[in-house]
Amino acid sequence: MATLKSIQTELADRIVKALQSIGLDGDPLVFPSQDSKFGDYQSNCAMGLGKKAARKPRELAEEIVSRLQIDDISEPPQIAGPGFINFRIKPAFLSAILADIPPGSDPERARLGIEAAASPEVVVVDLSSPNLAKEMHVGHLRSTVIGDCVARCLEFMGHTVHRDNHVGDWGTQFGMLVAHLRHVRPDVADNPSQLVIHDLETFYIEAKSRFDEDEEFKKESRETVVALQQADPQTRLIWKAFCDESLRHCHAIYDRLKVDLVDRGESFYADLMHEVVRRLEILRGEDDSPVRISDGALCVFLDGFTTRDGDPLPVIVRKADGGFNYASSDLATILHRVEQLGATRIIYVVGLPQKQHFEMVFAAARKVGWVSEDVSMVHLGFGSMLSATGKPFKTREGGTVKLKDLLDEAVAKARKVVESQLDDDKGGDRAFTKEEMDHIAETVGLAAVKYFDLSHSLAGDYKFDLSTMLSLEGNTAPYMLYAYARIRSIARKADVDFAGLPTDVGISLDHPAEVALALKLLQFGDTLGTVVRDYRLNLLTEYLFELAKTFSRFYDKKIGVRIVDASPESVRNSRLRLCDLTARTLKLGLHLLGIETLDRM
RNA sequence: GCGCCGGUAGCUCAGCUGGAUAGAGCACCGGAUUUCUAAUCCGGCGGUCGCAGGUUCGAGUCCUGCCCGGCGCGCCA
């Protein structure tokens, strides 16, 4: 199947040609029009180029238009305002492209005609990264959901993606935890794989209070850290039993969220941290080296970073006591990802407060020559999730809220919302079994949480509000899932399998609602392109919402068209194919957000 | 003190390399309905884009200064 060029790109290419024929060179600045009264697309290049060429923008716009060869795509372009060039796409062109996307669901067809990236990269997405000492809490949600979405989008674009879960399993607190475990579960050494800790949070608190109150235990904890780092087999065994159990807690959540990732904790990089230091020590010997010992710590000094007092602020790679910190481990991840995984792009999905940390780590890695210019390192930072009142997300007692509890609450509320709608269902198509209802509630609840998160721009904080995210109206998961389910319902009503629709009768776009839907469908690829280029995930939710709204109008009895009982058969078939394309676009879009669809709800 | 993020409609939020009259949802008001799943659709109301300057054909967007909120700034992660 031929992949299709986007309308936007096609228009841009034609305008570039027209510009070249006038001897001008520049960005054609083609965008979808904000208001359909200005057409479907607009080019804003005449204003800027007019200035450069010392010509009146409107005059230049007219010359561009006169040289444009575009009548296969667009109605005659209109010039408006100071020099906007407006395009109205011909329905026949839309129809021809859409007809090229056959029904069906095999992998190639599932791409919906969207091209993969021309040069696939190896990308590492560093996401989630909980501390294994404790239970995952609400603070881990955004990194997990955002990271997974970015990974899914990049994968779809044809890149090889590694999702690395950089869990905290190597800090000093693990000495304390292992020592405590040894006391309360003396049998753990005999049966490490049988270890079950129901509540990691409680376990941590117990260990911590013992550590604070019992000098003997404190000493033992410290000795345990040393034993752990020196790879004492017995200590390692207990430590591993603890980490495995903690990871089981994490993966219960990842499984639920359908997030697939690889655990590479700090311990995984233990040897590499020594390698980091070894290489830096070699550089330290050179003249004017940025690598120096300062106050006993091994540091990389960088330009442009200063402390509160204006002194140079270095990256500390090995502490004065010889221990490592998170800069050591992040530098180790870079070595591993570049040298072992062959990554050309590394994306750290970590909260915005750590922005400076990553700026410094990246700068250090470049400074010492470990990362070449053709490898990009990105800190994909994001704001905090706040409570509905705008305050930090805490329990009434001021403690952290477990992620599991948050998800459970969302699912429980989703169930109520769905059930309340079924009470007045008259269709009879929705008599769900207990199992079906469980599945619907779980899907809707988790979708609501993810969709709400991803529909916000990354930089800002947002307020976690269950009733908003579970609203049946507006840009929410329930609205999107419902839109999808309605389309699936059309297939049942029409008694057709969308995948088997005949492809030889074409797609007719006569009604404005059909044209609008066709145009919107064909903008998915461009949207996705921007999403992966700029990591603007909320653009994807916004697009899907617009698509769903456009479909609702298409389907509306007042302003839309008939579908199931449309005639003649060719028109019915055409409309069913538009339904199919919409359903698949919604499904794919939601899939990229990490959200599963429901055929009935 | 320096730096980062945020400040847009009553509320929650969009706003892509500067583009047309600043958008959406919720809420509120009004209309549509013999349902193709109305969890829908149409219309209305609603904003000195924190403040003040500047850049230009054009600024929510870029520059400068200031105000408010949050966060960060040497061995915690």
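Letters A, B, ... are given to chains in the order of the sequence lines, protein chains preceding strands, and every chain is numbered from 1.
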Legend entry - P spacing across the pair rU21(B) / rC49(B), given as an integer number of angstrom: 15 Å

Any N/O pairs under 3.5 Å between the protein and nucleotides 27-33 of chain B? List them or say none.
none

Could you pull out all donor-acceptor pairs under 3.5 Å where a side-chain atom in residues 131-140 of chain A meets a protein atom, sequence neighbours excluded?
| from | atom 1 | to | atom 2 | distance (Å) |
| --- | --- | --- | --- | --- |
| N131(A) | OD1 | A133(A) | N | 2.9 |
| E135(A) | OE1 | L200(A) | N | 3.2 |
| E135(A) | OE2 | H249(A) | ND1 | 2.8 |
| H137(A) | ND1 | G139(A) | N | 3.0 |
| H140(A) | ND1 | H137(A) | N | 3.1 |
| H140(A) | ND1 | H137(A) | O | 3.4 |

Short N/O separations, protein against nucleotides 21-24 of chain B, under 3.5 angstrom:
| from | atom 1 | to | atom 2 | distance (Å) |
| --- | --- | --- | --- | --- |
| rU21(B) | N3 | K37(A) | NZ | 3.2 |
| rU21(B) | O4 | K37(A) | NZ | 2.1 |

Legend entry - salt_bridge(K587(A), E596(A)) N-O dist < 4.0 Å: no

Inset, instruction - For rU55(B) versus rG15(B), give the span between their P atoms, rounded off to a whole number of Å. - result: 29 Å

Inset, instruction - Not counting sequence neighbours, which residues clear side-chain contact (heavy atoms from CB on, under 4.5 Å) with S289(A)? List them please. - result: L283(A), E286(A), V291(A)

Legend entry - Contact list for RNA chain B against residues 574-581 of chain A - heavy-atom distance below 4.0 Å: none

Legend entry - Pair D526(A), S6(A): side-chain N/O donor-acceptor within cut-off below 3.5 Å: yes

Legend entry - Residue list, salt bridge (Lys or Arg N to Asp or Glu O under 4.0 Å) with D311(A), at least two apart or on another chain: none

Inset, instruction - Please collect all ring pair (Phe, Tyr, Trp, His ring centres under 6.0 Å) contacts where either partner lies in residues 453-480 of chain A, sequence neighbours excluded, each pair once. - result: F393(A)-F464(A), F452(A)-H456(A), F452(A)-Y462(A), H456(A)-Y462(A), Y479(A)-F545(A)

Inset, instruction - Determine the interatomic distance between C1' on rG7(B) and the same-named atom on rG50(B); round to the nearest Å. - result: 6 Å

Inset, instruction - Using a 4.0 Å cut-off on protein heavy atoms (strictly under), produce a 5'-to-3' string for nucleotides 71-77 of chain B with B for base contact, S for backbone-only sugar-phosphate contact, and - for none. - result: S-BBBSB

Inset, instruction - Pick the C1' atom in rU33(B) and in rG69(B), then give their distance to the nearest Å. - result: 48 Å

Inset, instruction - With sequence neighbours excluded, tell me which residues meet ring pair (Phe, Tyr, Trp, His ring centres under 6.0 Å) with H439(A). - result: none

Inset, instruction - Output all residues satisfying side-chain hydrogen bond (donor to acceptor under 3.5 Å, both in side chains) with R577(A), sequence neighbours left out; order by chain, then residue number. - result: none

Legend entry - Pairing partner of rG19(B) (Watson-Crick or G-U wobble, both distances under 3.5 Å): rC57(B)

Legend entry - For rG6(B), the Watson-Crick or wobble counterpart (both distances under 3.5 Å): rC68(B)

Legend entry - Rounded C1' spacing from rG60(B) to rA77(B) in Å: 37 Å

Inset, instruction - Could I get the full list of salt bridge (Lys or Arg N to Asp or Glu O under 4.0 Å) partners for K218(A), not counting sequence neighbours? - result: E215(A)

Legend entry - Test item: side-chain donor near acceptor, N538(A) and T541(A), under 3.5 Å: no

Inset, instruction - Go through the structure and list residues passing salt bridge (Lys or Arg N to Asp or Glu O under 4.0 Å) with D13(A), not counting sequence neighbours. - result: K5(A)

Inset, instruction - Check the geometry between F84(A) and rA20(B) and answer yes if their rings are stacked (centres below 5.5 Å, planes below 30°), otherwise no. - result: yes

Legend entry - Whole-angstrom distance between rU8(B) and rG70(B), as gauged at atom P: 15 Å

Inset, instruction - Pick the P atom in rU48(B) and in rG23(B), then give their distance to the nearest Å. - result: 15 Å

Legend entry - Heavy-atom donor-acceptor pair, R492(A) side-chain to rU37(B) base, under 3.5 Å: yes

